[in-house]
Amino acid sequence: MERRELIQWLVATAGLPSLAFGRQIHRQPLRRSLSGHVERTLAVATERILPGAAEGNVGVFIDKMLADWHTAAERERFLAGLPELDTRCRARGGRDFVDGLEADQVAVVTALDDAVTALRADRGGAVANQHWFAMLKYLTVYGWCTSAAGMRALDLYPMAGRYDGCAPV
C-alpha cells in the first residue's frame, strides 16, 4: 500500500472508531460517578429532552462519558449546573425536578434550551457549548443515537460487522 492510499484510508475510516466507542458504552451497565439523586434527575431530564432516552440507557452513557471522557473541569461544570433543574422546578411548582409535574419539567427544560439558544445567538456557539445544559442535551442525543434503541429507530441497526471498500459492485 502506498502512502497516499494509506492516508486516504485513514481519513475515510476516522469516524468509525467513535461510532464503535459509542456503541460499546451502552453494554456496560456499571454506574461510576453519579449519586442517586443526580442519577434520577438525569433519567428524568434526558427523557424530557428526548423521549425514549431511558430505553437507550442514556443515563449510563452520560455517567460513563463524565467519568472517562470529559475533563475534571467539564465534569464539575456539568454537575454544578444540574441543581438548576431542581431550583427552577421548585420555583414553578414547589417540588424537585424529579418529583415535579411533567408540564413543569418540560417548561424548565424548554426554558434552559431557550437560554442556551439565546446565548448561542448573542455570544456564539463556542460559548454556548460550554453551558452545562448544552452538554446535557448533546450527551443525551449522542447517547441515544449510539444506543441499540436509537439505532433501530433510525434504521441504522444492526451495523455491518465488515466493510469491503474495494469489493466489486
Side-chain angles (χ1 to χ4, degrees), residues 17-154 156-157:
S18 66
L19 270 178
F21 173 71
R23 288 179 52 190
Q24 292 300 323
I25 288 176
H26 294 282
R27 295 187 180 140
Q28 301 170 1
L30 195 60
R31 294 274 180 201
R32 299 178 64 155
S33 64
L34 302 178
S35 69
H37 180 71
V38 171
E39 186 178 317
R40 288 189 304 277
T41 301
L42 269 181
V44 174
T46 57
E47 193 65 28
R48 297 301 169 251
I49 291 169
L50 183 66
E55 184 183 345
N57 289 328
V58 172
V60 174
F61 177 85
I62 291 174
D63 188 20
K64 175 77 171 164
M65 293 297 283
L66 288 174
D68 293 344
W69 187 261
H70 288 286
T71 65
E74 290 169 333
R75 183 172 42 255
E76 288 172 15
R77 183 174 63 245
F78 181 83
L79 293 175
L82 277 178
E84 189 175 345
L85 290 170
D86 286 336
T87 303
R88 286 180 179 234
C89 208
R90 270 190 237 113
R92 284 187 60 85
R95 299 181 192 167
D96 281 347
F97 185 78
V98 173
D99 301 322
L101 299 173
E102 184 176 344
D104 290 338
Q105 294 168 346
V106 170
V108 166
V109 168
T110 303
L112 284 165
D113 191 41
D114 291 344
V116 170
T117 302
L119 185 63
R120 185 168 281 116
D122 292 343
R123 299 180 59 197
V127 173
N129 290 341
Q130 298 301 315
H131 193 279
W132 70 269
F133 186 77
M135 290 175 64
L136 173 61
K137 190 172 176 182
Y138 171 80
L139 288 170
T140 300
V141 173
Y142 184 55
W144 185 79
C145 287
T146 57
S147 70
M151 294 181 87
R152 279 189 198 102
L154 297 170
L156 298 172
Y157 191 79

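When a residue number appears, it is its place in the shown sequence, counting from 1.
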Worksheet item: Looking at CE of Met135 and CZ of Arg77, how far apart are the two atoms once the value is rounded to the nearest 0.5 Å?
Response: 5.5 Å

Discussion item. Would you compute the distance between atom CG of Leu82 and atom OG1 of Thr87 and round it to the nearest 0.5 angstrom?
Written reply: 11.0 Å

Worksheet entry | Point-to-point distance, once rounded to the nearest 0.5 Å, from OH of Tyr138 to CZ of Phe133 | 15.5 Å

Worksheet item: Would one find more than 12 heavy atoms of other residues, nucleotides or ligands at under 6.0 Å from atom CD of Glu84?
Response: yes

Worksheet item: Rounded to the nearest 0.5 Å, what separation is found between the CG atom of Leu139 and the NZ atom of Lys137?
Response: 13.0 Å

Practice prompt. Could you go through the side chain to side chain donor-acceptor pair (under 3.5 Å) check for Asp86 and His37 one step at a time?
Written response: CA-CA 11 Å; Asp86 286 336; His37 180 71; 2.8 Å; yes

N/O donor-acceptor pairs under 3.5 Å from side chains in residues 116-128, not counting sequence neighbours:
{"from": "Thr117", "atom 1": "OG1", "to": "Asp113", "atom 2": "O", "distance (Å)": "2.9"}
{"from": "Arg120", "atom 1": "NH2", "to": "Asn129", "atom 2": "OD1", "distance (Å)": "2.6"}

Practice prompt. List in chain and number order the residues that pass side chain to side chain contact (heavy atoms under 4.5 Å, CB included) with Ala53, two or more places apart in sequence or in another chain; answer none if no residue qualifies.
Written response: Thr46, Glu47, Val58, Thr140

Worksheet, complete the sentence: Heavy-atom nearest pair, Phe97 first then Gln105, reads O-NE2, 2.6 Å

Discussion item. Run the side chain to side chain contact (heavy atoms under 4.5 Å, CB included) test against Asp104 and tell me which residues pass, sequence neighbours left out.
Written reply: Cys89, Arg92, Leu101

Fill in: Val108 and Arg48, any side-chain heavy atoms less than 4.5 Å apart
no

Practice prompt. For Ser147 and Asn57, run side chain to side chain contact (heavy atoms under 4.5 Å, CB included): C-alpha distance rounded to whole Å, both residues' side-chain angles, the deciding distance at 0.1 Å, then the answer.
Written response: CA-CA 7 Å; Ser147 70; Asn57 289 328; over 6 Å; no

Practice prompt. To the nearest 0.5 angstrom, please state how far the CG atom of Leu66 sits from the CG atom of Leu79.
Written response: 6.0 Å

Item to complete: Flag the pair Arg90 / Asp96 as yes when at least one side-chain heavy-atom distance between them is below 4.5 Å, and no otherwise.
Response: yes

Discussion item. Could you measure the distance from the CD atom of Gln130 to the CZ atom of Phe78? Nearest 0.5 Å is fine.
Written reply: 13.5 Å

Fill in: Side-chain donor or acceptor of Glu74 paired with backbone N/O of Thr71 under 3.5 Å
yes

